[in-house]
Novice: 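Below is the structure I would like to discuss, written out as structure tokens.
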Amino acid sequence: MSSLFIDLVLCALAYVVLIYFVATMTKARFNNRNNDADDGDGGVEDMTPPKIDLPPGVIWPKDAPKRKKTTPMV
């Protein structure tokens with residue numbers, strides 16, 4: 001057997017062993033998260049968006065003054 005073939009077989013074996021360990025460790029970590037009854041940090045959820053303090057003279061487009069349509073002179 002050539003040394004290249006032995007190297008390829010050893011690399012493939014190491015790859016399989018590495019993937020096996022990563023898969024088993026990842027599966028165990030995800031199972032513990034699903035069994036945990038903790039919902040997070042607790043408290044009351046507030047889903048309203050925050051009020052952003054705009055500099056003077058800047059307004060949101062929805063707060064812009066309404067313009068009346070002018071009729072063209074005939």
Side-chain angles (χ1 to χ4, degrees):
M1 281 192 186
S2 70
S3 63
L4 177 64
F5 183 72
I6 294 172
D7 286 342
L8 288 175
V9 169
L10 289 176
C11 285
L13 181 65
Y15 180 76
V16 169
V17 169
L18 180 68
I19 294 299
Y20 172 76
F21 282 126
V22 169
T24 56
M25 294 171 91
T26 306
K27 187 174 78 170
R29 186 181 330 153
F30 286 137
N31 285 343
N32 289 341
R33 282 188 187 166
N34 292 339
N35 293 337
D36 192 10
D38 189 17
D39 292 275
D41 59 354
V44 179
E45 290 187 26
D46 186 18
M47 301 304 266
T48 58
K51 292 280 188 181
I52 299 176
D53 187 26
L54 297 175
V58 178
I59 59 172
W60 291 105
K62 67 178 182 177
D63 297 333
K66 306 290 186 227
R67 292 187 182 174
K68 293 182 179 179
K69 291 185 179 179
T70 58
T71 57
M73 296 201 151
V74 180

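Just the heavy atoms: all of them, side chains too, but no hydrogens, waters or symmetry mates, feed the values below.
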Novice: Measure across Pro65 and Ile59 and return the closest heavy-atom pair with its distance rounded to 0.1 Å.
Specialist: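 Here Pro65 and Ile59 meet closest at CD-CD1, 4.2 Å.
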
Novice: Could you work out, with side-chain contact (heavy atoms from CB on, under 4.5 Å) as the rule, every residue matching Ile19, not counting sequence neighbours?
Specialist: Tyr15

Novice: So how far is it from Leu10 CG to Ser3 OG, rounded to the nearest 0.5 Å?
Specialist: 11.0 Å

Novice: Report the residues that fulfil side-chain contact (heavy atoms from CB on, under 4.5 Å) with Tyr20, sequence neighbours left out, ordered by chain and then residue number.
Specialist: Thr24

Novice: Sequence neighbours excluded and cut-off under 3.5 Å, please list the side-chain donor-acceptor pairs for residues 48-56, or say none.
Specialist:
from	atom 1	to	atom 2	distance (Å)
Thr48	OG1	Asp46	OD1	3.0
Thr48	OG1	Asp46	OD2	3.4

Novice: Clusters formed by hydrophobic residues whose side-chain heavy atoms approach within less than 4.5 Å: which one holds Leu8, and what are its other members?
Specialist: Leu4

